[in-house]
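Contents: one structure, followed by commentary.
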Amino acid sequence: MTSIGNSKIDNSIKIYYSRGLTSEGTLDLISGLNYSPDSGVGIAQYQKQYSEITSIKNKLLQNKYFSKQNLNSLNLYLLTVEEFRKIHSKFPTVKIDYNDFNSSKLKITKIFEDFVLKDEKIYIQRNQKIQNINYYKTLNKYINSYVINSAIQSLERDVTINLYISSSFRGFSKLDYLVTNALIHASDMNINRNLGNYTIFKGFSSSITPTSKNYFIDFNFSNVYIRTLETREEIKDKNKIFIANKRVTISGFYKIYSPNRKTFTKYFDFSENYTIRVRSYDHSTFYDDERDIIKDILEDKFSNIIRYDLNNLITP
């Protein structure tokens with residue numbers, strides 16, 4: 001554990017001398033001290049950084065106006081004290097002025113709240129709103145302000161998109177029906193999945209009208225077929241086994257519908273090889289269930305599209 005701690009402390013010092021005071025470097029330093037509480041180098045470095053960030057904080061609290069850089073420095077002061085507080089019992093010789101910290105924290109909370117309340121939240125794009133949410137969360141990490149929490153929740157409701165899929169594909173073969181059913185089942189397996197960037201997958205539906213909060217993706221399939229690659233017969237222990245290597249191929253496209261943007265089309269195709277066997281034992285014949293094999297392949301492929309691709313159609 002000591003080697004891990006010393007490595008983290010050394011890295012934090014490199015960050016400090018190359019980039020100055022940073023949250024990354026401070027967290028590395030405190031983590032390193034937790035692993036190596038006897039490190040004189042680490043303790044001295046923390047005391048130096050604590051003194052430096054406290055001095056910066058004292059100067060900033062005299063300001064009337066604050067830039068984002070100022071807010072970040074104040075937040076770094078909170079981080080420097082709050083994260084060290086978790087391990088302070090290991091370092092009785094390190095003095096932290098908690099009375100000053102508590103007094104300063106009240107002032108910093110008011111500064112952060114004023115910034116969030118005055119920040120533009122309406123006439124900005126969705127991607128900017130998401131960036132603001134993430135930034136407000138960093139400001140709120142060590143103060144847990146009701147005012148900032150409320151602003152975050154309001155923006156989260158505003159940017160959240162419900163994503164539905166359906167299929168206008170109308171096929172008539174057994175394979176066509178299997179493809180559609182696999183898409184429906186893959187949707188059911190992923191219902192209410194968070195796809196990232198406040199996009200929630202709500203499943204399969206054929207009756208959703210696109211709105212600013214509800215996006216609709218329509219799947220269509222242009223090629224659905226199975227090809228036999230190889231067949232052979234083997235005899236094992238006097239039993240016959242008929243083996244067929246096959247490939248299922250699906251291609252098509254899906255369109256996203258939203259009142260906020262033009263219809264966007266993306267094409268896709270995938271193939272997967274599989275093997276089915278027919279075994280004869282003692283005058284009885286046993287068949288692999290080809291339908292189940294194909295169904296599992298399709299559900300896995302459609303699940304991957306839902307989880308990792310659909311959200312890319314939605315601009316942040």
Side-chain angles (χ1 to χ4, degrees), residues 1-117 119 130-149 151-152:
M1 290 298 185
T2 301
S3 61
I4 296 175
N6 290 339
S7 176
K8 286 177 172 286
I9 291 169
D10 289 344
N11 187 58
S12 74
I13 293 173
K14 289 178 183 177
I15 293 174
Y16 174 78
Y17 282 108
S18 63
R19 291 156 50 194
L21 292 169
T22 64
S23 58
E24 178 189 355
T26 304
L27 288 171
D28 243 11
L29 175 59
I30 295 171
S31 176
L33 284 170
N34 190 36
Y35 282 109
S36 302
D38 295 326
S39 172
V41 172
I43 292 171
Q45 183 66 23
Y46 177 79
Q47 290 174 316
K48 178 180 180 178
Q49 292 187 201
Y50 167 67
S51 176
E52 188 174 336
I53 194 64
T54 299
S55 177
I56 292 172
K57 176 267 300 181
N58 289 337
K59 291 178 182 178
L60 288 177
L61 289 183
Q62 298 174 22
N63 292 356
K64 290 184 178 180
Y65 305 101
F66 302 90
S67 66
K68 273 195 172 181
Q69 184 177 355
N70 296 153
L71 299 182
N72 293 340
S73 294
L74 293 173
N75 206 28
L76 180 55
Y77 167 73
L78 297 177
L79 177 154
T80 302
V81 178
E82 290 285 17
E83 293 297 333
F84 185 76
R85 189 203 294 263
K86 298 174 183 177
I87 62 170
H88 196 180
S89 61
K90 296 182 179 182
F91 307 92
T93 61
V94 177
K95 304 301 180 185
I96 302 293
D97 189 342
Y98 286 114
N99 288 329
D100 174 65
F101 173 76
N102 292 333
S103 173
S104 298
K105 187 175 181 178
L106 291 174
K107 297 174 184 177
I108 293 171
T109 298
K110 182 66 167 59
I111 292 168
F112 287 1
E113 289 177 344
D114 287 346
F115 170 82
V116 170
L117 288 173
D119 204 24
I130 292 175
Q131 291 178 29
N132 288 356
I133 289 170
N134 294 331
Y135 185 61
Y136 297 166
K137 286 181 176 179
T138 64
L139 294 181
N140 205 35
K141 181 173 181 179
Y142 298 107
I143 61 176
N144 194 24
S145 161
Y146 173 80
V147 171
I148 299 178
N149 271 327
I152 291 171

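Because the structure is predicted, anything quoted here is derived from the model rather than measured. Keep in mind that the numbers below use all heavy atoms, side chains included, and drop hydrogens, waters and symmetry copies.
Taking both residues in full, the closest heavy atoms of Gln47 and Thr93 are given as NE2-O, 4.3 Å, listed atom of the first, atom of the second, then distance. Across every non-hydrogen atom of Pro37 and Asn34, the tightest pair is CD-O, 3.9 Å. Between Asn63 and Phe66 the shortest heavy-atom distance is O-CZ, 3.4 Å. Heavy atoms only, all atoms of each residue included: Ser36 and Thr2 are closest at OG-O, 2.9 Å. Nearest heavy atoms, Ser39 versus Ile9: OG-CD1, 3.5 Å. The two residues Leu79 and Ile30 have their closest heavy-atom pair at O-CD1, 4.5 Å.
Put simply, OG on Ser12 and OH on Tyr16 are 11.0 Å apart, with the number rounded to the nearest 0.5 Å. Here the NZ-CD1 distance, from Lys90 to Ile43, works out to 11.5 Å after rounding to the nearest 0.5 Å. Of the inter-residue distances, the one linking Gln49 atom CD with Ile13 atom CD1 reads 8.0 Å to the nearest 0.5 angstrom. Distance CD1/Ile133 to OG1/Thr138: 12.5 Å, rounded to 0.5 Å. A distance of 5.5 Å separates CG of Leu71 from CZ of Phe112, quoted to the nearest 0.5 Å. With rounding to the nearest 0.5 Å, the separation of NZ in Lys105 from NZ in Lys107 is 15.0 Å.
Counting only heavy atoms from C-beta outward, the side chains of Ile108 and Leu61 approach each other to under 4.5 Å. Between Ile56 and Tyr77, every side-chain heavy-atom pair lies at or beyond the 4.5 Å cut-off. In this structure, Val147 and Val116 have side chains that are not in contact, with every pair of non-hydrogen atoms separated by 4.5 Å or more. Glu83 places none of its side-chain heavy atoms less than 4.5 Å from the side chain of Thr26. In this structure the side chain of Ile143 reaches within 4.5 angstrom of the side chain of Ile148, judged on heavy atoms.
Classified by interplanar angle (parallel below 30°, tilted 30° to 60°, perpendicular above 60°), the ring pair Tyr136/Phe115 is perpendicular.
With sequence neighbours excluded, the residues forming a ring-ring contact (aromatic ring centres under 6.0 Å, His included) with Phe91 are Phe84, listed by chain and number.
Using a distance-only test at 3.5 Å, with no hydrogens or angles considered, no donor-acceptor pair links the side chain of His88 to the main chain of Val81. Side chain of Asn11 to backbone of Asp28: no donor-acceptor contact under 3.5 angstrom is found. Between the side chain of Ser55 and the backbone N or O of Ser51, no donor-acceptor pair lies under 3.5 Å. Looking only at distances, no side-chain donor or acceptor of Ser31 sits under 3.5 Å from a matching main-chain atom of Leu27. A donor-acceptor pair under 3.5 Å is formed between the side chain of Thr80 and the backbone N or O of Leu76.
Other residues, nucleotides and ligands contribute only 12 or fewer heavy atoms inside 6.0 Å of the NZ atom of Lys14.
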Leu78 and Asn75: side-chain contact (heavy atoms from CB on, under 4.5 Å), yes or no, with the steps?
CA-CA 5 Å; Leu78 297 177; Asn75 206 28; 3.9 Å; yes
What's the verdict on side-chain contact (heavy atoms from CB on, under 4.5 Å) for Glu24 and Ile15, showing C-alpha distance, side-chain angles and the deciding distance?
CA-CA 8 Å; Glu24 178 189 355; Ile15 293 174; 3.8 Å; yes
Candidate pair Arg85 and Ile96, rule side-chain contact (heavy atoms from CB on, under 4.5 Å), full reasoning:
CA-CA 9 Å; Arg85 189 203 294 263; Ile96 302 293; over 6 Å; no
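In this structure, Lys68 is positioned above the aromatic face of Tyr135, its NZ or CZ under 6.0 Å from the six-membered ring centre and within 45° of the axis.
For the residue pair Ser73/Asn70, the side-chain donor-acceptor check at 3.5 Å is not satisfied.
Under the 4.0 Å criterion applied to side-chain N and carboxylate O atoms, Lys141 and Glu82 are not assigned as salt-bridge partners.
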